[in-house]
Each structure stands twice: as structure tokens, then as C-alpha cells.
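The structure under discussion appears below in the form of C-alpha cells.
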Amino acid sequence: MDTPLSTIAVVGLGTMGTGIAEVLALAGREVIGIDISEAAARQAVTSLEASTARAVGRGRITEQERAQALARFRTHDNLQAAAEAELVIEVVPETYEIKQQVFRELDAVVSPTAILATGTNALSVTRLAAESQRPERVLGLHFFNPAPAMKLVEVVSSVLTAPPAVEAVTRLARELGKEPVAVGDRPGFVADGLLFGYLNQAAAMYEANYASREDIDAAMKLGCGLPMGPLALLDLIGIDTARTVLEAMYAESRDRLHAPAPVLGQLSSAGLTGRKAGRGFYTYDAPGGQSVVADALTPSAEAAAGDGRSIASVGVAGSGTMASGIAEVFAKAGYTVVLAARGQEKADLAKARIAKSLERSVTKGRLTAEARDETLGRITAAGSLDAFAEVDLAVEAVAEDLEIKQQLFATLDKVCRPGAVLATTTSSLPVIAIARATGRPEDVIGMHFFNPAPAMKLVEVVRTVLTADDVHATVRAVCTKIRKHPVDCGDRAGFIVNALLFPYLNNAIKMVEEHYASLDDIDAAMKLGGGYPMGPFELLDVVGLDVSLAIEKVLHKEFRDPGLAPAPLLEHLVAAGCLGRKTGRGFREYARR
């Protein structure tokens, strides 16, 4: 099997097959494109001509290179054309019946040394290999869409695959400029195995009317730096395709997190499969269109607005990074800010931290010296909550401990004037339990900023069953004034971001526990295949393993889902004091400063 893989057949010339063919042709391979549909074959040629023309226009390839690539791409309507191929990559529809038929026919056509690769992202490579006369030459070669742009390729081995076949396609992937990661045979492999569980949870969150589609998508883009929100991504992938992947994952794992949300089946049955149909979670300008158009579910600006309370002064309770960051945000927006801590010294240190932050902004040219001085001048450091007597909005950013927050809110209840809005920045605790520590729970709301507060644009606005409408309207208006994006969510564990993020992180840990893939391969898969700014283990070490474990426990306690139980490896690392970057060791080791 030690072949150069210079002649490669691609079976199935849809979007993915055409993209793979383009990558191969541009890399100097002879490409045999095969599709039973003449229209699909013609469209593949047209697409390749157009995309290579764009590449010439952008200076990525020369006109001569384009002509050579086009000459290397030939299309056929019969599998007999694959006879001379050293590698065949099938990307036909995602069903066992169709793929098995392709593999049976290829057995009678290709040479005994040819490698057969399936592009499946949901079906068992082992089951497909078992249908072949030579299962040792069958493996998975999972490209990501769009194939010319996405760097990740998952190389999937079954228990039957011969190592030389794996080595040959791994070498090919690198020669194509891709980043291959080696994975075993299970539905979803690494990237989709983690991605689709997250997408499914987002669909279930929307179906439960917990948050709007716009707020769910905005929360994950702004809170996690993702290139697309989960519901928009489901529309792009195809809701029917996502459901097929999830069905395959659930059949193997029996994890309720993988059981497709009913809304996915309902939309698929109605033909509302996403962008390709012109409608899915969102409505598009045309079938296959990319532009979202307003529909009956699109929120109106009038509905989002409301009569709120007047806010001119803000109190921020706490002395840590989050408290000083929030105080900086409000002061920059023109509010008078009282920053209160337990003692004047801590308050002064917190203000000094703000001064350093502002100075960095001046040095980088983001802020003028005059604006720095004006911002700092709006902040008063105080050693007691008594200084909140006249504030219009009090925001607490103290330790994530329910008893501590309840005590603080009981004090705010006594100190703050009637009509003041009281906000908690909790990321995991029940806001109603905090509100009930006061005699005015209608004035209490969650206002969950993300760290670092000056940089992160998202604020989760958390209403309890007792929060007054004008308090909600007030906080949304304040978020807009401080240039943050508010998303509405109800008072349940994790709100939007953490409720979707941490099960995904937990599932990544379980993959490592099961020796399915390495830390490095999982991180690479999610960055290269999913466009994530950080891999799950990089992120866990930054967040802190102790913080992550605490959130996982809260989610598990609230939702009682066995799939949300914290991975034992996470618990063991925390027990050992390996908490991530802050201790010098978490999932990885770090140089101490």
C-alpha cells in the first residue's frame, strides 16, 4: 500500500465532493470525479472553474496553475472510471445502504492495493469495511466543509484497517496542506462528536422557549468567540443531516445529550432543513441563500424596549478583577461609579487596577489621556457598602458563594434607596435565591458579565419569576449604553453560555478518559474543524479546573442528567490541586512566572 496516491477518485460530486476534488487537483493529483447525475458533474466542473478563477483574481494561484488543475479533473457517471485510482474517496449520501453499495461495486473495479476511504461523519467505518472484500484497506477520511478552506482532516481507523493505509492517507493529507488527526471509529469522531452534542443542546434550549434563537446564537458568538451561533450553524449544516448524525451517536452512546431534540425531527419532517431549503431555525432570502430575512419570530425593536428606571450612578461591590472591570466599563460610559470593597485598602487597590488598565489603553492608542483622567475621576473607592446609599444601580461581583451573596444582598436591601436596581453577576447560582435575601425581590436581576469585562461584549440578563418588567427594561437599556450586547435568559443553572459550553468541555474530557484521542488532537480538531478560538483543554486550563468542576456540579444537580455528571478525570485533577494555568498544571503543565 506504499503508493504515492497520485490518481484519486472522488465519488459523489456534491458540495463536499467538489471541494475535495478542488483540493486534490490544485495539489497536483489526477482527479476522477464520479457522480451518477450528469447535472451534478457539470455543476462540479462549473464550481471548480469559478473557484479557481477567484483564486487567480486574489493572487493565490497563477493562470497556468489554474489551467493545469482544471485539466487534471475529469468527470464520469460510472464507478468503472475508478479502476485506475490508487485512492477512492466516497462522499455519497449519508446512509449505510448507498455507501455499502458503492463499496461493493468498487471491490469489483479497483486494484487490490487501492485504498477505499469513506467521508462519513456519522456512520460506522467498521461496518462499512466489513462489507468490503478487503476491509484492511478501508478507512475514514473526514474533510470539513468548505474543504478548500478548512485545515482539519480526521483519519479514522477501524479495528480492521491496516497501518500502511493509514500512513499513506495521513501523508497525503499533509501534502495537501491539511492537519490530519488520528481517531478511532465512533459516530462523530472527535470534532463532530463534540460539536453535535453542543448543537443538540442548543436546539433543545430553543425548543424549551428558554431563550430566543437570536439570543442563543449571540451568546455563544460573543461569550465564547465562536464564528457562528449553534442554530445558524445547524441551518448551514442541514437540520436533517444533524439529526442523522445525532441518531447515530445516540445509537452507540445512549447518552440523552445525543438524543436528537424533537424540534430537529419536526423541522426535518416539514422540509425546513436550513439554508438549502430557504428556511430552518431562520428564514433565508432563497433556497441555498445566505442572507437571513425577517420572519414572524424576528424580535422587533419596540418589543425589546420598555419604560425603565433612570440610572445615573452605579455601585459595584467587590475588589477582584471582575468588579474592577465592571466599574471601568460603567465609568467609561459616563456613569458615576462607587467601587466598594471590604475595607478602604482593598477598594483603593481595585481602583489602582483600573488606573493601570486605562493606562494600557492610552499606550495602545485606544484611549486619550484626557478620557483616561475623566474616567478615573468618575470612580470613588469606598471601604463600605454604606456608600451605595444613593446609587441607582448596585452590581455585586463578589465570590461565587450563595451564602456570601445572600448576606451582601441583605445589606444592599438596607443600604440602597427604594427603587434602586440590585444586580448579581453570578454565573451559576440561582438568582431567585439571592433575591429572596431582600425584601424587594422584584428589584433584583442577574447581570452576568464575562471576563475580562472591558473587552467582552456579552451580558446575560437573567430574570427571575419575581423580577419587575421595568427592572428588566432598565438593565437592557443600561447594557446598550455601556456598549454591551444583552441576551435574555431565565433563572436556571448555567444560563445560556455555561449551560451549552460546559457539557461540551466535559465530553472532551470523557474522550481523553476513554483513550479515544489525545489532548492535542482534540484541541486541534476543535480549532481547525470547528473554528473555535481555543481547544477545550486550553480553555479548561484558562478558566480553572476548580471553577469548571463547580459549574459542572451545578448543571448536574439542576438538570439531573447522567450525561452532565462531571468526568472523573476532572474531579481527580482538582483533588490533586492541578487547577490549570493559575497553579502551573492542569491538563497540561505551564512554566511558572
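Heads up: numbering here begins at 1 and tracks the sequence.
Between Glu131 and Arg104 there is a salt bridge, since at least one side-chain N of the basic residue sits less than 4.0 Å from a carboxylate O of the acidic one. For the pair Lys276 and Asp235, the salt-bridge criterion is not met [side-chain N within less than 4.0 Å of a carboxylate O].
Between the CG atom in Leu528 and the CD atom in Glu179 there is a gap of 6.0 Å [rounded to 0.5 Å]. How far CE of Met447 is from NZ of Lys484: 10.0 Å, rounded to the nearest 0.5 Å. How far CG of Leu199 is from CG of Leu234: 4.5 Å, rounded to the nearest 0.5 Å. To the nearest 0.5 Å, atom CE of residue Met249 and atom CG of residue Leu246 are 6.0 Å apart. Distance SG/Cys224 to CG/Asn498: 8.0 Å, rounded to 0.5 Å. The OG1 atom of Thr75 lies 9.0 Å from the CD atom of Glu38; values are rounded to the nearest 0.5 Å.
Judged purely by atom type and a 3.5 angstrom limit, Arg29 uses its side chain to pair as donor or acceptor with the backbone of Ala27. Looking only at distances, a side-chain donor or acceptor of Glu154 sits under 3.5 Å from a matching main-chain atom of Ala191. At least one donor-acceptor pair under 3.5 Å links the side chain of Thr480 to the backbone N or O of Arg476. For the pair Lys99 (side chain) and Glu94 (backbone), a donor-acceptor distance under 3.5 Å is absent. At distances below 3.5 Å, not a single donor-acceptor pair connects side-chain atoms of Glu514 with backbone N or O atoms of Tyr516. Side-chain atoms of Thr18 do not come within 3.5 Å of backbone N or O of Thr15 as any donor-acceptor pair. Using a distance-only test at 3.5 Å, with no hydrogens or angles considered, a donor-acceptor pair links the side chain of Glu460 to the main chain of Val497. Tyr96 places a side-chain N or O within donor-acceptor distance of the main-chain N or O of Ser124, the cut-off being under 3.5 Å. With hydrogens and angles ignored, the 3.5 Å screen pairs a side-chain donor or acceptor of Asp185 with a backbone N or O of Val125. A donor-acceptor contact shorter than 3.5 Å is absent between the side chain of Ser269 and the backbone of Gln266.
Checking His472 against Thr467 by side-chain atom types alone, no donor-acceptor pair falls below 3.5 Å. In this model, no donor atom of one side chain and acceptor atom of the other lie less than 3.5 Å apart for Thr273 and Arg243. Using modelled atom types, one finds no donor on one side chain facing an acceptor on the other under 3.5 Å when comparing Asp240 with Ser268. Between the side chains of Thr244 and Thr241, no donor-acceptor pair is found at a separation under 3.5 Å. Under the 3.5 Å distance criterion, with hydrogens and angles disregarded, no donor-acceptor pair is assigned to the side chains of Asp35 and His76. No side-chain donor from either of Gln101 and Glu97 sits under 3.5 Å from a side-chain acceptor of the other.
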- Task: Applying salt bridge (Lys or Arg N to Asp or Glu O under 4.0 Å), run through Asp285 and Arg275 and close with a yes or a no.
- Result: CA-CA 9 Å; Asp285 53 357; Arg275 283 192 188 183; over 6 Å; no
- Using the side chain to side chain donor-acceptor pair (under 3.5 Å) rule, take Ser47 and Gln43 through it: C-alpha gap first, then chi angles, then the decisive distance, then the call. CA-CA 6 Å; Ser47 296; Gln43 179 59 45; 3.0 Å; yes
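Scanning both residues, His556 and Leu564, for their nearest heavy atoms gives CB-O, 3.7 Å. Contact between Gly19 and Ala147 at its shortest, heavy atoms only, is C-CB, 3.7 Å. Residue Cys489 comes nearest to Ile496 through the heavy atom pair CB-CG1, 3.8 Å, listed as atom of the first residue, atom of the second, then distance. Contact detail for Phe189 and His142: the closest heavy-atom pair is CD1-ND1, 3.9 Å. The two residues Val31 and Ala25 have their closest heavy-atom pair at CG2-N, 3.6 Å. Between Leu87 and Ala117 the shortest heavy-atom distance is CD1-CB, 4.1 Å.
The aromatic rings of Tyr504 and Tyr532 lie tilted to each other, with the angle between the two planes from 30° to 60°. Relative orientation of the Tyr284 and Tyr282 rings is perpendicular, given thresholds of 30° and 60° on the angle between their planes.
Among Val88, Ile32, Ile36, the single residue meeting the side-chain contact (heavy atoms from CB on, under 4.5 Å) criterion with Val11 is Val88.
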